[in-house]
Structure formats: structure tokens, C-alpha cells
Amino acid sequence: MSDWMMELKSNIPEQRILTELADRYSYSFDASFGEHLPEVVVQAKSKEEVVQIVRIANRYKVPVYPRGQGTCLSGGPLPVHGGIVLDLSQWPEKIDLNVEDLTVNVSPSVLTANINKEAEKHGLMYAPDPSSAHVATIGGNLGENSGGPRGLKYGVTKDHVLGLELVTPEGEIIRTGGQTIKNVTGYDLTKLIVGSEGTLGVITEATLKLMPKPRAEQTVTISFDEVRTAGLAISQVLTSGILPSKMEIMDQACIRAVESFQPAGLPVDAEAIVIIELDGHSQTLEIETDLVREIMNEIGAKDILIPKTKEEANQIWQSRKQVSPAIAKIKPTKVSEDATVPRSKIPDMMDRLNEIREKYNVELVVFGHAGDGNLHPNILCDQRDKEEMRRVEQAVEAIFEAAIDLGGTLSGEHGIGTMKAPFMENELGAVGVEMMKRIKDSWDPNHIMNPGKIFAEKGQKLVLTDD
Amino acid sequence: MSLQEKINYDKTFDCVQCGYCLPACPTYETMERETHSPRGRINLVKLVAENKASIEDLREPIEKCLGCMACTTVCPTNVQYGQILEGAKEVIEDQRSEAGERSRIEDFLFESFFPSGKWMHTLGNLTWFYQRSGLQAVANRLSLTQAAPLHLEKFERVIPAQPSPKMRAKRANHYQPEIPATATVAFFTGCVMDGMFFETNQHTIELLVRCGLEVILPEEQTCCGALHAHAGKIDDSRNLAKRNIEAFEESEAAYIINNAGGCGARLIEYHHLFEEGSDWYERAKRFVSKVKDISQILIEVEELEFTKPINRTVTYQPSCHMTNVQGVKTPPLELIKKIPGITLKELDRPDFCCGSAGIYNIINYEDSMEILDVKMKDVCGTDPESIITTNPGCLLQMKLGIEREGATDTMDAVHLVDLLLEAGPCVK
Ligand SMILES: Cc1cc2nc3c(=O)[nH]c(=O)nc-3n(C[C@H](O)[C@H](O)[C@H](O)COP(=O)(O)OP(=O)(O)OC[C@H]3O[C@@H](n4cnc5c(N)ncnc54)[C@H](O)[C@@H]3O)c2cc1C
Ligand code: SF4
Ligand code: SF4
């Protein structure tokens with residue numbers, strides 16, 4: 001047994017140090033691509049334990065890979081250089097609400113949806129609502145700066161974090177930010193850490209911002225004969241003086257996939273649908289709903305559907321949550337992209353995606369948070385078909401290129417991880433990437449914290465096949 | 001058949017590792033590692049097919065799976081976990097039978113399990129029960145160390161009082177209602193139900209007859225084969241299926257009624273045991289189309305009324321197999337609500353398995369009790385006088401749970417059928 005393993009064993013209870021092959025393989029993947037076997041999985045349940053583990057790793061220069069529930073779509077928790085997977089999902093759940101201050105303190109393992117559930121008991125909400133909120137941890141959300149449909153109006157994870165407790169790669173505990181909305185004391189380390197994909201340390205606690213829960217919601221589903229028209233409709237609504245809380249798009253393939261899993265009455269013959277949620281006072285909702293109706297009629301929407309009951313509306317949003325996994329029924333391997341463009345460029349991006357689908361002859365479907373330009377083009381393919389996978393690799397590169405051409409970004413919310421690392425320079429330029437690397441070097445001098453992510457290794461390319 | 005085929009390698013590709021099933025899985029919650037989650041198990045099956053892990057690596061995670069199928073109801077890509085699990089069990093069983101540890105363990109079971117007084121009394125002809133019920137198949141799978149702490153005394157305490165052999169012998173094969181029969185149904189008695197809950201079976205017949213149904217008990221019927229399949233003995237399970245299909249074909253009944261969620265789940269999947277397009281497949285399909293849980297039949301009888309109020313607070317613990325495999329969810333609840341005077345308090349997480357899972361609670365006693373404790377916390381939150389269930393395994397497990405909570409004086413566990421009969425059912 002190596003020295004570092006012995007030290008781990010003398011500091012952490014044995015049943016939480018997993019070395020059996022079956023256990024190690026069970027932490028070798030996430031919801032994206034690739035399989036990397038760690039040497040050991042350690043399950044931490046307190047910050048003191050995290051400090052111990054990180055200090056040992058730093059001393060022996062063993063890589064540490066923080067992991068929540070492994071639902072990442074960009075390879076964030078994958079132990080690409082072996083070493084230690086640090087499983088944080090079994091940490092006891094803590095949700096301490098501070099109703100008067102509209103804040104909440106949470107442990108990293110808390111499932112994001114549970115924070116909102118607690119907040120709702122007090123007429124409050126935790127706004128970020130990634131589709132995976134019922135399975136993913138807040139630690140993972142902070143790592144990836146996750147967003148959801150409500151991001152359109154309320155912003156993404158980073159807009160709701162007031163302060164963090166972090167174990168640095170050298171095993172020191174720091175606190176960033178605080179409990180207040182306003183805070184300009186020094187550099188804003190909180191924002192630096194959120195979205196750093198676990199490369200700057202392990203988050204052991206977070207203070208989050210809550211908001212009053214809107215009084216009422218109104219869902220409207222609009223169907224279109226053409227995807228492009230759907231894109232135009234989105235811009236129209238957003239420039240009409242209304243700010244919906246959610247605005248989602250799904251193309252036909254996505255609609256059919258979710259309807260076949262759990263019918264919610266979505267129109268399966270539409271080329272695309274846009275689902276809007278308005279929130280606020282019920283009178284305002286009536287006025288805004290009429291306005292949406294007018295815009296849609298004018299632009300030539302095919303049909304407007306207003307759910308009759310709250311249950312019907314919930315069913316529609318429930319379906320929306322299932323899209324990402326459900327489309328895998330089309331073909332078994334799913335390559336999820338997350339390219340984001342300025343909202344006015346959505347119709348153009350739709351055109352470019354169409355061209356890519358045809359040029360590379362790939363099964364490309366689109367859904368996403370259209371209101372903020374965050375599309376999720378997904379390519380369905382079969383990992384076992386090497387020739388197809390090569391075409392998929394080319395198509396993915398073309399998607400990135402299109403997004404950057406249109407003034408957009410590689411990733412709106414899923415993160416860079418392993419797959420998108422080779423494309424960082426295209427978007428940020430060599431100096432831009434270099435400045436980020438310098439930050440990483442000074443935080444993590446031994447490069448033990450989630451190495452192999454965000455920054456590409458020399459000559460690294462996008463590879464979707466195992467060999 | 002190649003290992004890859006047997007272990008359903010192709011089906012593992014349906015899993016996109018999204019993790020949506022994680023919060024639904026009881027063993028992931030209590031055992032606290034991904035290895036004991038649906039996503040982890042499917043991944044290991046895939047790795048075995050790819051030769052990256054051995055069958056031995058797969059054994060524990062598969063044996064610790066409850067087979068409750070809660071994961072399948074939440075899976076957005078419709079992964080056929082049931083088939084993946086069964087394939088994995090078969091492969092594990094094949095490997096084990098080559099190793100040949102069998103006879104010693106069988107001896108052990110015969111020496112300490114069966115000679116135990118109360119079990120003997122309860123189950124009448126034990127050898128019959130042993131062979132029929134699939135316990136034999138299970139015994140083969142146990143390793144000695146696992147078999148050692150069987151905690152049989154815990155189970156003995158909760159077995160109901162048994163009717164005399166005379167009572168058993170008195171049962172007829174055919175029952176006519178007093179009013180002209182509206183239809184003829186066949187009753188699948190089930191070996192555990194018939195062995196331990198004979199009276200509930202009698203009540204089931206009584207209920208059906210009161211609803212104006214002619215009831216036949218085909219004599220040639222046998223065990224459903226669920227335990228055999230759980231133990232990886234697919235061939236045995238298939239043979240039992242054939243015998244049941246034949247027995248019930250002869251009865252020409254409109255429906256095949258059962259009152260055990262676990263058996264029902266097996267019965268409605270009989271066609272999976274045969275090759276599509278084959279004669280047996282077609283016969284199995286016809287059989288399957290007639291299989292109904294008793295609650296599904298009763299809820300269809302519109303004129304059914306309950307005349308005796310039951311002033312009691314109850315909660316309902318659904319059988320996982322009934323919910324997740326048969327898809328029968330609301331009929332039991334609707335029936336309970338029809339009883340005058342009753343207060344139904346639903347559980348917070350009804351779909352969380354109670355941990356009985358066939359004979360999981362006998363083989364994996366400690367793991368099962370951890371799951372049961374989670375369940376009982378939820379149960380006690382509703383502060384019921386009775387816990388209503390629809391499966392013999394769940395019923396015994398709930399009784400164990402009540403014992404563990406020290407609540408035997410204030411709480412009991414009751415089969416839905418017994419509750420309904422107590423409420424004085426009659427048809428207008
Ligand atoms: C079906 C599906 C739908 C999804 N929908 C959305 C969506 O709508 N919006 C969205 O933004 N994302 C979505 N995702 C992506 C994913 O759920 C999020 O990225 C989520 O935040 C990951 O959380 P996790 O707990 O699974 O973390 P993991 O996947 O385990 O980890 C994610 C990253 O965070 C790091 N990390 C985890 N915990 C900590 C910690 N305590 N300290 C430091 N670093 C840590 C890891 O190292 C890794 O880099 C979806 C994924 C799936 C499978
Ligand atoms: S929900 Fe289905 S697809 Fe997702 S991880 Fe579980 S089994 Fe796999
Ligand atoms: S069958 Fe039950 S115990 Fe087994 S993996 Fe599925 S949810 Fe978990």
C-alpha cells in the first residue's frame with residue numbers, strides 16, 4: 001500500500017475509503033463521455049475530513065477529483081489522471097434557512113431542488129432550477145455555475161451566491177463573501193470559485209440568496225411550423241416589454257421523445273414549440289398572456305395552448321425536465337452541447353445547426369433555454385459506430401465554431417470539463433487562457449485539484465471514441 | 001448464448017447515466033455508494049460484458065439489489081433494468097453452479113431452517129414448500145457465511161396463527177355466488193400466500209363470490225416462479241410458467257386473479273420468458289392479458305358497497321412490484337377510501353421499498369432492516385392503527401417493522417383483502 005493511502009486510512013473511517021474494483025468503477029463516469037478509473041474513492045462528511053484528505057493529496061501530489069452526484073455533462077468529476085475521487089454526496093444534508101435575511105446556509109451535498117422546497121414553505125424561492133435539480137447537488141451546481149429555465153429572469157447560480165466556505169488545494173479553509181447582498185471587500189473570490197469546476201478547491205458550505213416566491217404563474221405553449229419562426233417569436237416577445245420567467249424551445253424530435261415517455265399533451269406534429277412561463281400578480285399575468293397571444297398570432301404561430309389547470313401546467317414543465325435523457329431513445333449515445341448565442345442570433349443559430357445536421361449527416365436535435373440564447377443541440381449517435389463518431393466529432397467542432405462566429409460562447413451552463421477544453425483558445429485567445437492558467441497556478445501550485453479540466457493539454461483534440 | 005447476450009449488453013446502452021434514478025433507489029440511500037445504485041449496477045453489468053470487471057465483482061452489487069424496480073418508473077430512457085438484473089443473476093448463478101458449493105448449503109438449510117418448530121407447523125409439508133417456492137433455488141445461491149445469521153426467530157414471531165390442516169383440506173376448487181354469476185374468474189393462490197396467509201386467500205374467494213363472480217381454483221396451478229428468477233434459475237422459472245399457463249388455459253376463465261403483488265408482477269411478465277413469435281410466447285401473452293390484481297377487479301364492480309364502518313386511521317404501503325411492474329397504483333387506495341369511517345393517511349414516500357423484496361430480508365437481514373427503519377419512520381409519521389399492504393412479503397416485513405418500533409400494542413399490519421372483508425362488502 002502506498003504511503004498516501006496509509007495516511008488516508010488512518011484519518012478517515014474505513015468504510016468510506018473504497019478500493020474495490022466495483023466501487024472504483026462506480027465513480028469512473030459522469031453523465032457525459034469517458035471512463036476513468038480512480039485509485040480510490042473517499043467519501044467525506046465534514047470539512048475537517050476534506051482538509052485531511054486534501055493535505056495528504058497535496059503533500060504526496062496525488063490528484064483529487066471532487067464529485068457530487070456525477071450528473072455533469074462535460075466531464076467535470078472524471079478522474080482523468082487517476083488518484084482520488086472525493087465523493088461529497090454522502091455529506092449529511094444541512095439546509096439552514098434564515099427567513100428574515102432571505103438567505104440560506106447549505107452543505108455541499110444538498111440536492112438543489114430540496115433548497116427550493118424548504119424555501120417555498122416560507123413563501124420564498126431559490127431561483128436557479130436546472131432540469132437536474134432533483135438529482136444534482138448544490139456543490140455541483142456551484143462547480144458548474146448551473147442554470148435552468150428561470151435563468152432568463154432571475155439569473156443563474158452565481159447570481160444567488162453570497163458567500164462560500166472552501167478548502168483550498170493546499171488544505172486551508174477560507175470564507176469568501178458573507179451574508180450580505182452588498183459586499184465589495186477585496187476581490188470577488190466568490191464569483192471566481194463559482195463555475196471553476198472544482199479546480200480551485202472544495203466547497204464545504206454556501207450561503208445562498210432567496211427571493212420572494214412569485215404570487216402566480218401562467219404557462220403558455222406555442223407551436224410552430226418552422227423552427228426559424230419560433231426563434232423569431234422569442235426575440236419578439238423579449239423586445240415587447242415582457243420578461244417571462246421561463247422561455248424554452250423544443251424541436252419536433254424532442255417533443256416526440258418526451259411524449260412517448262410520459263404524454264403531457266404536447267403537439268407532436270409541430271416542428272417546434274416554445275413554452276413560456278409568466279410570473280407575477282394574476283392581473284398582470286392576464287394582460288401579458290394577451291400580449292403574448294397577439295405577438296404569436298401576428299408572427300404566424302401554428303397554435304397557442306393554454307393549460308387549464310395547474311396540474312396540466314406542471315405536467316408540461318415535468319416533461320421539459322425529461323427531454324435531455326429522453327432523447328437518448330432516438331439513438332443510444334448522446335453528445336450534449338450547450339453553445340450559447342446572443343438572443344437576437346437564435347434564428348441564425350438555428351439555420352447554422354440545420355446546415356450542420358445536413359452536412360455531417362448526423363441526428364441533431366435542439367432544445368434549450370431559448371430566452372437567454374442558451375441552446376442545447378444534442379447529437380444522437382452510437383458509440384459503437386466509429387465512422388459515425390468521426391462525423392459527430394466534426395459536427396461538434398462546427399457547432400462551437402458557429403456559436404463563436406455569432407458572438408456566443410462554448411458553454412452556457414454545462415461547463416468546459418474535458419470535451420470543450422481544446423476550444424478554449426478559439427473563444428478567449430491565447431492571452432485570455434494564459435491569464436486563467438496563472439490564476440490556477442497560484443491557487444493550486446501542485447496541480448492536484450481536478451487536473452485535466454478546463455485547460456487543454458498540448459495537442460489535445462476532441463475525441464469521442466474510446467480508442 | 002454468449003456472455004454479452006446473456007447479460008443483456010445491448011440493453012445497458014439505453015442508460016445515459018443521467019442519475020435521475022438515484023433518489024428513487026433505497027439501497028443507494030441506505031448503503032451510501034454508487035455501486036449500490038441502479039446507474040452503478042447497470043454500469044458494472046456493461047463492464048462485465050466488456051471484460052473489464054469479473055462476474056465476481058458484480059455479485060455483491062447485484063445480490064444487494066432489492067429488485068423493487070423503483071428505478072424503472074423514473075427512468076426517462078426506459079432502461080429495461082428488470083431484464084438486465086435477471087440476466088446478471090443468471091450469469092452469477094451459472095458461475096456459482098460450476099463451482100458446486102451447493103449440497104453443503106442445502107444441508108444447512110434443511111438442518112436449521114426447516115426443522116424449526118413453528119415453520120414446520122406453519123408450512124405443513126416443508127419439502128413441498130421448499131421445492132415449490134423457489135427457496136431451493138435460493139438456497140443454492142447462499143454461501144455458508146451468508147446463511148449463518150438467518151435470524152429466523154425474528155420471522156417466526158410475526159407469522160400469523162395457522163388454520164388446522166382440516167380447514168385447509170376443506171377448501172373447494174369451485175365457488176358459485178348466490179346470485180347468477182356475471183363472469184368466471186380463476187384464482188391464483190400463490191405458495192407463500194397459501195402457506196402463511198391461508199385465511200386471506202379464503203377471504204379473497206369470499207370477496208369475489210360476494211361480487212357475483214364464479215371462482216375456480218385450478219388444481220394444477222403451481223408457484224409463480226418469482227423466487228426462482230430472483231435466484232437466477234431462469235430455466236426453472238420458465239418451466240413453472242409453462243405449467244401455470246397450461247393449468248389456467250383449461251379453466252377458460254375471463255380473468256386470472258391474484259392477491260400478492262410480487263406473484264402478480266411475475267405472472268404479467270411470463271411472455272418475457274419465451275422467444276417472441278414462438279407458440280409459448282403467444283400462449284403466455286394470452287395468459288398475461290388476463291392477469292389482474294384483486295383490487296383491479298373489485299374497483300370495476302360499481303355496485304360494491306361497504307356496510308360496516310371501520311373507525312380506524314390507516315396508512316397504505318404499496319407493494320413495489322404491484323406499483324412498478326404491474327402499474328397498479330390507485331385501485332387499492334380507492335377501495336380503502338370507499339370504507340365508511342376510515343381515515344387514510346398516505347405515506348410521504350410510498351414508493352420507497354419496505355425491504356422485504358422476495359426473501360431479501362432473510363438473506364440480507366441487516367441491509368433489509370436499515371431499509372425497513374427508513375420506511376417505519378415514514379409510517380410512524382402518519383401514526384396509523386393499521387398498515388395496509390397487498391403482498392405477503394410486505395405484510396411480514398411490516399409486522400417486523402412494528403415489532404422493531406415496539407408498537408405491537410397500537411399498530412398492526414393487514415392485507416387489503418382482510419380489511420375489505422371486515423368492512424362488510426355487499427353488492428346492491
Ligand atoms: C438530464 C440532465 C439534465 C441537466 N440539466 C441541466 C440544466 O438544466 N442546467 C444545467 O446547468 N445543468 C444541467 N445538467 C448538468 C448537471 O446536472 C449540472 O452540471 C450539475 O450542477 C452537476 O451536479 P452534480 O452534483 O451531479 O455534480 P458533479 O457532476 O458530480 O460535479 C460537477 C462539477 O462540480 C465539481 N464539484 C462538485 N461538488 C463540488 C464541491 N463541493 N466543491 C467543488 N467542486 C465540486 C466537480 O468536480 C465537477 O467539476 C443536466 C444534467 C443531466 C444529466
Ligand atoms: S434514470 Fe435511467 S438512464 Fe438515467 S441513470 Fe438511471 S437507469 Fe440510466
Ligand atoms: S430495483 Fe430497487 S434496489 Fe435495485 S437498483 Fe432499482 S431502485 Fe435500486
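Here is how names work: the chains are called A, B, and so on, in the same order as the sequence lines, proteins then strands, and each is numbered from 1. Worth knowing before you read on, the calculation uses all heavy atoms, side chains too, and leaves out hydrogens, waters and symmetry mates.
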Closest non-hydrogen atom pair, [X] against [Y]:
X     : Y      : result
B:R33 : A:Y27  : CA-OH, 3.4 Å
B:N78 : A:K329 : ND2-NZ, 4.3 Å
B:L44 : A:Y25  : CD2-CB, 4.2 Å

Point-to-point distance, once rounded to the nearest 0.5 Å, from [atom1] of [X] to [atom2] of [Y]:
X     : Y     : atom1 : atom2 : result
B:K52 : A:E35 : NZ    : CD    : 4.0 Å
B:Y28 : A:S26 : OH    : OG    : 10.5 Å
B:L22 : A:T71 : CG    : OG1   : 9.0 Å
B:S37 : A:Q69 : OG    : CD    : 9.0 Å
B:L58 : A:L21 : CG    : CG    : 11.5 Å
B:L47 : A:S28 : CG    : OG    : 6.5 Å

### Message
Using a 4.5 Å heavy-atom cutoff, which residues in residues 8-17 of chain B come close to chain A?
### Response
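The list, in residue order, reads B:D10, B:F13, B:V16, B:Q17.
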#### Entry: Close approach to chain A in residues 320-329 of chain B, criterion heavy atom under 4.5 Å
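Listed by number: none.
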Given that the side chain runs from C-beta out, which part of [X] has a heavy atom under 4.5 Å from chain B: side chain, backbone, both or neither?
X      : result
A:S131 : both
A:S89  : side chain
A:R24  : neither
A:D30  : backbone
A:L73  : neither
A:E20  : neither

### Task
For B:S54, check side-chain hydrogen bond (donor to acceptor under 3.5 Å, both in side chains) against everything at least two apart and list the hits.
B:D57
### Task
Go through the structure and list residues passing side-chain contact (heavy atoms from CB on, under 4.5 Å) with A:K121, not counting sequence neighbours.
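For A:K121 the side-chain contact (heavy atoms from CB on, under 4.5 Å) partners, ignoring immediate neighbours, are A:E118.
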### Query
B:G40, B:C21, B:P23: which one forms the most heavy-atom pairs within less than 4.5 Å of chain A?
B:P23
#### Entry: Test: A:K45 and B:E32 ion pair at under 4.0 Å
yes
### Query
Salt bridge between B:E34 and A:R67, side-chain N to carboxylate O under 4.0 Å?
yes
